[in-house]
Participant: 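Submitted below is the structure of interest, expressed as structure tokens.
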Amino acid sequence: MWTYYPELLATPVPRYTSYPTAAEFDAIDGDLYRSALQRTQGDVSLYVHIPFCEKICFYCGCNTGRANRRQRLESYLAALHDEIETVARELPADVRVTSIAFGGGSPNAITPDDFRTLFAAIERSFALDNPTLSIELDPRTLTPEWMAVVAELGISRASLGVQTFAAHCQQAIGRVQPEDCIVRAVDGLREAGVASLNFDLMYGLPGQTMHDLEDSLQRTRVLGADRVALFGYAHVPHVVPRQRAIDGSALPDQAQRFAMAEAGYAYFATHGYLPIGFDHFARPGGDPLAKAALEGKLRRNFQGFTDDRNEVLIGLGASAISSFPHLLAQNEKNSGRYRMLSSQGQLSANRGVMRSAEDRYRGAVIERLLCHGRARLGTALMREAQPQLEPFVTLGLASVDREWLTILPDGLPYARTIAALFDGYRPLTRRQFSSAV
């Protein structure tokens with residue numbers, strides 16, 4: 001049983017899908033990104049951003065818009081094709097792509113034929129080395145024609161935005177999708193050859209009870225999800241205006257959220273899943289994420305926990321982020337400006353941060369704590385963090401052995417809070433992050 005210490009969760013913290021986080025991004029010279037591409041070596045991963053959805057959910061904080069105007073879709077896809085060619089020209093000829101992730105938004109907001117054409121453009125422009133293909137999908141608009149594309153291209157990993165099976169919670173967050181819709185998506189994707197299927201679930205939703213959550217957990221297991229990401233809903237309407245449609249007074253309080261996170265962890269940990277961190281789970285014995293966790297090879301990138309070992313991730317599309325050992329670079333967020341720059345054959349990365357040696361060191365510590373629950377700090381970092389670590393050690397949430405810091409089982413829900421102690425930027429930013437649980 002986890003013990004709830006509200007004072008230790010009082011300060012919102014980042015999810016640390018990168019370090020430094022996007023809160024530290026500032027204007028950068030586009031030549032930095034160009035130079036990083038030109039100096040890239042070995043295997044790389046691609047992330048392709050399609051910022052459109054058929055329907056916009058009230059809770060969503062993603063950079064996405066309605067896919068209800070064909071001309072807007074066509075102009076965006078034309079710009080994305082242009083960017084693919086521009087980026088590929090900057091890469092050395094011996095660079096190989098071994099992983100491609102399609103996200104959004106919802107990639108299935110575009111037509112199957114548009115997606116085929118997009119993939120063909122990637123094949124023409126980059127040197128592909130039997131890449132692992134993954135995709136985020138909206139089950140509400142997952143048609144048989146889209147299932148055929150998944151099978152045809154050999155997409156082996158898919159993530160479904162399920163969130164909750166409770167009808168009243170779906171209504172409250174603007175994402176109505178009957179269970180039959182989810183079942184059809186699961187069956188169709190399995191028939192199409194998807195071997196690793198992820199469900200995104202949420203706790204802390206308006207009107208959500210513990211029974212609602214437990215019912216969603218059970219249905220997820222019965223439907224055979226290979227992975228589960230169980231996120232706490234972050235209600236920040238001052239940052240995400242569309243969340244104003246959600247009744248904040250109906251949200252569970254912090255203590256209830258903590259209990260929900262604990263219930264989710266306990267359920268999956270006792271029903272055949274390997275816990276990864278405190279809010280992700282994967283079936284051992286087959287799923288690559290579980291294998292990476294068991295072998296100590298788990299990592300974090302902008303998609304969250306990953307088994308991707310590539311040091312370079314190239315983001316394509318408006319607002320997409322590229323990651324290099326020394327640089328994080330984000331494409332132009334505004335879709336209109338992105339389309340203009342890409343159509344002119346220009347790289348659009350205009351925000352980011354250069355990663356210093358200190359950044360890389362602290363980032364490695366944060367990543368190891370979140371992925372493996374243990375990290376070697378070094379004398380200087382241990383000395384700096386010792387006073388702030390003391391409450392966690394005293395309460396049995398963490399232990400210190402010379403230069404090693406270990407997050408103990410009872411400390412799992414406090415992992416992000418502990419990791420944030422090593423974030424050299426946190427005292428300097430006023431950005432509001434989500435609750436740690």
Side-chain angles (χ1 to χ4, degrees), residues 1-21 229-230 232 258 261-270 273-282 284 289-301 304-307 309 357-427 433-437:
M1 294 287 292
W2 293 342
T3 303
Y4 177 49
Y5 299 106
E7 69 278 9
L8 298 182
L9 297 172
T11 303
V13 293
R15 293 190 181 275
Y16 291 113
T17 53
S18 73
Y19 185 80
T21 71
L230 179 61
F258 188 91
E262 181 184 24
Y265 183 94
Y267 182 87
F268 286 119
T270 56
Y273 288 82
L274 176 72
I276 296 173
F278 78 92
D279 55 5
H280 284 65
F281 310 88
L289 194 67
K291 185 172 184 289
L294 292 169
E295 294 177 352
K297 296 178 180 178
L298 193 67
R299 295 188 61 215
R300 281 184 75 74
N301 64 14
F305 288 109
T306 180
D307 59 312
R309 302 295 297 170
E358 175 78 2
D359 289 337
R360 295 173 67 176
Y361 183 72
R362 287 177 180 269
V365 167
I366 290 171
E367 182 178 52
R368 286 167 187 156
L369 286 173
L370 295 179
C371 291
H372 311 299
R374 191 166 187 259
R376 184 174 185 175
L377 306 184
T379 304
L381 206 52
M382 178 63 80
R383 186 185 306 115
E384 174 191 309
Q386 193 83 45
Q388 295 169 293
L389 281 172
E390 195 58 40
F392 299 93
V393 174
T394 300
L395 293 169
L397 307 176
S399 66
V400 172
D401 180 11
R402 289 171 289 187
E403 296 182 1
W404 287 89
L405 170 63
T406 301
I407 298 174
L408 300 175
D410 289 347
L412 276 176
Y414 302 92
R416 282 168 55 195
T417 303
I418 293 172
L421 301 179
F422 305 97
D423 185 340
Y425 295 89
R426 278 294 58 74
F433 294 96
S434 60
S435 171
V437 175

Participant: Do Tyr19 and Tyr425 touch side chain to side chain, with heavy atoms closer than 4.5 Å?
Facilitator: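 SC-SC contact between Tyr19 and Tyr425 confirmed.
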Participant: With sequence neighbours left out, write down each residue that passes side-chain contact (heavy atoms from CB on, under 4.5 Å) with Leu274, or none if nothing qualifies.
Facilitator: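 side-chain contact (heavy atoms from CB on, under 4.5 Å) check on Leu274 returns Pro284, Ala290, Ala293, Leu294.
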Participant: Closest heavy-atom contact between Ala398 and Ile418?
Facilitator: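 Closest heavy-atom pair between Ala398 and Ile418: CB-CD1, 4.3 Å.
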Participant: Of all the heavy-atom pairs spanning Leu298 and Phe305, show the shortest one and how long it is.
Facilitator: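 Closest pair (atom of Leu298, atom of Phe305, distance): CD2-CD2, 3.6 Å.
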Participant: Is the ring centre of Phe281 less than 6.0 Å from the ring centre of Phe268?
Facilitator: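 Distance test on ring centres: under 6.0 Å, yes.
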Participant: What closest approach, in Å, do Arg402 and Met382 show between heavy atoms, and which atom pair accounts for it?
Facilitator: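 Answer, listing the atom of Arg402 first, then Met382: O-CE, 3.3 Å.
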Participant: Tell me whether Tyr414 contacts the main-chain N or O of Tyr5 through its side chain, where contact means a donor paired with an acceptor under 3.5 Å.
Facilitator: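 Checked: pair present.
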Participant: Taking atom OG1 of Thr306 and atom CZ of Arg299, what is their separation to the nearest 0.5 Å?
Facilitator: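 Going from the OG1 atom of Thr306 to the CZ atom of Arg299 covers 7.5 Å.
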Participant: Could you tell me the separation between the CG atom of Leu381 and the CZ atom of Arg383, rounded to the nearest 0.5 Å?
Facilitator: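 Output value for this atom pair is 10.5 Å.
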Participant: Side-chain contact test, heavy atoms from C-beta onward, threshold under 4.5 Å: evaluate it for Glu390 versus Val400 and give yes or no.
Facilitator: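 Result no, sub-4.5 Å side-chain heavy-atom pair not found.
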Participant: Name every donor-acceptor pair, under 3.5 Å, that has one atom in a side chain of residues 360-370 and the other anywhere in the protein, sequence neighbours excluded.
Facilitator:
from	atom 1	to	atom 2	distance (Å)
Arg360	NE	Pro325	O	3.4
Tyr361	OH	Leu377	O	2.3
Arg362	NE	Glu358	OE2	2.7
Arg362	NH1	Glu384	OE2	3.3
Arg362	NH1	Phe422	O	3.0
Arg362	NH2	Glu358	OE2	3.3
Arg362	NH2	Glu384	OE1	2.9
Arg362	NH2	Glu384	OE2	3.2
Glu367	OE2	Arg300	N	3.0

Participant: Does Tyr16 have any ring-ring contact (aromatic ring centres under 6.0 Å, His included) partners at least two apart in sequence or in another chain, and if so, which?
Facilitator: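 Once residues adjacent in sequence are excluded, Tyr16 has no partner under the ring-ring contact (aromatic ring centres under 6.0 Å, His included) criterion.
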